[in-house]
Each structure stands twice: as structure tokens, then as C-alpha cells.
Amino acid sequence: MKSLADKLVPESVKKLIPYQSARRIARNMNSEGHLWLNANELESCCQYGDISQGRNDHYNRYPDFLPFDIASSYQDYCQLHHIESKNKLSESAELIAVRGADEAIDLLVRTFCQPGNDQILVCPPTYGMYEFCADSFSVKTAIVPLLDNFQLDLANIDAQLEDTSIVFLCSPNNPTGNVIHQQDLVTLLEASKDKSLVVVDEAYIEFAPHTSALHLMNDYPHLIVIRTLSKAFGLAAIRVGFLIADASVMTYVSRLIAPYPIADPSAEIALKALSEAGIKQMQQQTQELIEIRNWFTAQVATLAIVDTVYESNTNFVLIRFKGDHNLYDYLLNKGIVARSPANESSVKGCVRISIGAKASMEETLEALKSFQ
Ligand SMILES: Cc1ncc(COP(=O)(O)O)c(C=O)c1O
């Protein structure tokens with residue numbers, strides 16, 4: 001039987017033969033050569049200071065085209081370390097490492113949407129890259145804003161599903177900080193079964209691990225989950241993220257993946273972060289950050305200029321101020337760079353503030369207190 005991915009994927013992708021990089025060919029051959037003269041690499045590792053003192057002094061060689069050890073470490077992390085056992089991966093789920101969650105978004109649009117023909121659907125205010133990736137590939141974006149409580153407008157999403165290849169959701173959502181109600185997600189997954197793939201971007205999931213949608217992949221193979229090491233793991237610079245999807249989806253995505261997506265130095269750092277000790281450290285840091293966030297939001301909520309501090313399940317907080325005060329510019333004048341969510345009427349005038357170290361949040365609080 002045809003899967004939804006089979007139905008949605010454009011003919012051009014169906015016909016595509018993945019680029020046969022030297023590593024991909026070698027892996028397929030399963031060969032044990034002793035002279036590797038197939039990829040126009042230098043045969044020895046250059047020493048530039050101590051930068052080549054990596055895991056195996058192999059920086060002269062191209063990395064593995066799909067770094068299996070990071071993918072399997074992340075799989076173990078999903079299976080073992082998520083607080084709720086219900087977050088286990090489904091049997092048919094596959095996982096690939098990509099260059100940050102942003103690459104996963106781009107790959108999905110390029111795999112399942114035909115330029116000038118297909119559309120994605122987004123629910124703003126939300127992360128801007130979904131629409132940007134669609135725009136950059138001449139794919140239309142249907143917009144169904146979140147309701148006043150920042151939850152899904154299921155009726156209006158439903159009305160668009162027939163024409164939509166991919167629904168992009170973000171939970172916990174950037175910039176609002178809330179989690180999508182799981183029952184709403186299930187309702188959407190039921191309604192979209194034969195129509196649209198549903199992506200849940202879980203970039204901030206470590207701040208609310210019990211809310212992950214991973215366990216729903218068993219029942220809904222058209223659900224795709226995106227993750228990253230950029231947020232709770234604190235490794236934004238190494239550009240490592242993950243795409244978790246059913247084999248029926250992954251078979252097409254893996255045709256478009258770059259020949260060598262993950263650089264070896266990034267892979268080495270990612271592996272350390274995903275070790276037993278690394279995960280423990282991340283969980284401890286996350287707990288400390290949540291305590292600072294809760295302290296900061298409680299303090300900010302008492303200020304006269306503040307209208308609403310939205311509940312956050314992330315490492316940032318969205319604040320609505322009274323009147324027309326421009327707190328973004330005010331903070332900027334004090335050298336504090338926050339973010340004003342762009343072009344979204346429902347969060348106009350709000351400021352999104354990342355939660356940093358306690359001293360940074362004390363300084364930010366003092367700045368807000370002194371606003372006249
Ligand atoms: C919801 C969301 N998804 C994805 C990303 C990008 O993640 P990465 O650094 O892994 O590309 C961000 C970054 O801010 C984000 O907020």
C-alpha cells in the first residue's frame with residue numbers, strides 16, 4: 001500500500017538517484033580496503049597547531065555521509081533518557097543527524113514540495129524558518145494563526161489540509177513558549193492522515209520533555225519530529241540537529257541529504273554531549289536554567305509596566321508590556337539585546353527575552369525596573 005510520503009513526493013524526487021559520494025559508495029560496498037584513493041583527499045593529516053588533535057586524527061578524510069554513531073547515540077538518548085517512558089521511539093522510526101534543525105526544515109520542504117505547485121501550512125506566531133524555506137523554494141505558505149490562547153485553530157487548519165503537503169508545528173513554540181495541547185495534535189494527526197505530513201519542531205523539548213510527540217509516531221507514521229543540540233545542550237555553534245521520521249518518509253529525505261552533512265569536529269563534540277555524563281550535565285543545566293527563568297518571570301510579573309508574562313516551557317520568556325512602550329529599544333539602549341517578534345499582530349509590542357545566567361537576568365530585571 002502507498003504511504004502518504006509516496007503520494008506526496010514529487011516525481012523528480014522519486015526518480016532522483018542520491019549523489020554517490022565516495023563514503024556512500026564505500027559504505028554500500030562494505031569494503032575493507034587498505035589504500036583509500038577514491039575521494040581526492042590528502043593521505044596524511046596536516047598539523048595546523050593542535051587543531052587536528054581530534055578523536056582519530058582523521059581530518060584529512062571526508063566524514064561518514066550519515067554519521068551512524070551520533071544517530072545511534074541520539075536514539076539511545078530518546079529511548080533511555082527521556083523522563084517519560086512513553087517517549088520511546090516507534091519500531092519503524094528512523095533518525096538522521098543534520099546540520100541543525102534548520103537543515104531538517106529545509107530538507108523536508110525540498111523533499112515533499114514541488115516549487116510553484118505545493119503549499120505548506122504554518123500557525124503564527126511561530127518560528128520563521130518554515131515560511132522562509134518555503135518562500136526560498138517557491139512553495140506557497142498557508143497561514144492559520146494560533147488562537148488567542150496560542151493553541152491550534154483546528155477548524156481552519158482542517159479546511160486547508162487537502163491542499164497542504166506539510167503542516168509545520170512548533171512545540172514548545174517559539175516565540176510564545178507554550179506547548180500545543182496533545183489532544184489537539186492527535187485530532188490534527190487523525191484529520192491529516194491521508195493528506196499532509198505533520199512536522200513537530202521540538203527544538204526546546206528538553207525544557208518540557210514529558211510533552212514530546214515522539215510516542216505518537218507509532219500510530220501516525222506521517223508525524224515527523226525535529227530536534228537539535230542548539231538549545232538545552234548548549235551547542236548552537238556545532239550545528240547538529242536530528243530528523244526523526246518513519247522509514248517511508250526517510251527513504252525520500254535521505255536522497256536529498258548533503259554528501260557529508262556533519263563535520264568530524266562537530267560529531268566528536270556531539271558524541272560527548274550524548275554520552276551518559278553529557279546528558280546528565282545537560283539535565284542539570286536545564287534544571288538550573290528553569291529555576292532562573294521561574295525566578296525572573298515571577299519578578300518581572302510584579303512590575304507596573306508589565307501586562308502579561310506568558311508561561312514558558314522553554315529557555316526564553318515572552319512579555320507583553322502595557323501601553324505603547326517600546327521596551328525592545330529601551331533595553332537595546334542599555335546594551336541588552338532582546339528580540340521583538342516580527343510582523344505578528346497577536347504579539348505586537350511583546351519582547352522575547354532569552355534566559356541567561358543569573359547575573360544577566362538580574363541586570364535585565366534592574367533595567368526593566370528603572371523604565372519610566
Ligand atoms: C523552534 C526552532 N526550531 C529550530 C531552530 C534552529 O535550530 P538549529 O540551531 O538546530 O538550526 C530554532 C532556533 O532558534 C528554533 O527556535
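It should be emphasised that the depicted structure is a prediction, and the values quoted were computed from it without experimental measurement. Indexing begins at 1, ligand by ligand and atom by atom, following the structure's order.
- A donor-acceptor contact under 3.5 angstrom links the side chains of D102 and Y127, judged on distance only.
- Residues Y310 and F150 place their aromatic rings such that the two centres sit under 6.0 Å apart.
- Nearest approach of I180 to C170, heavy atoms of both residues: CD1-O, 3.8 Å.
- The aromatic rings of F168 and Y130 sit parallel, their planes meeting at an angle under 30°, below the 60° perpendicular limit.
- Between Y77 and F242, a ring centre-to-centre spacing not shorter than 6.0 Å is recorded.
- Protein residues are said to neighbour a ligand when one of their heavy atoms lies under 4.0 Å from it; for ligand 1 these are G100, A101, D102, Y127, C170, N174, D201, A203, Y204, T228, S230, K231, R239.
- Centroid-to-centroid, the aromatic rings of H325 and F371 come within less than 6.0 Å.
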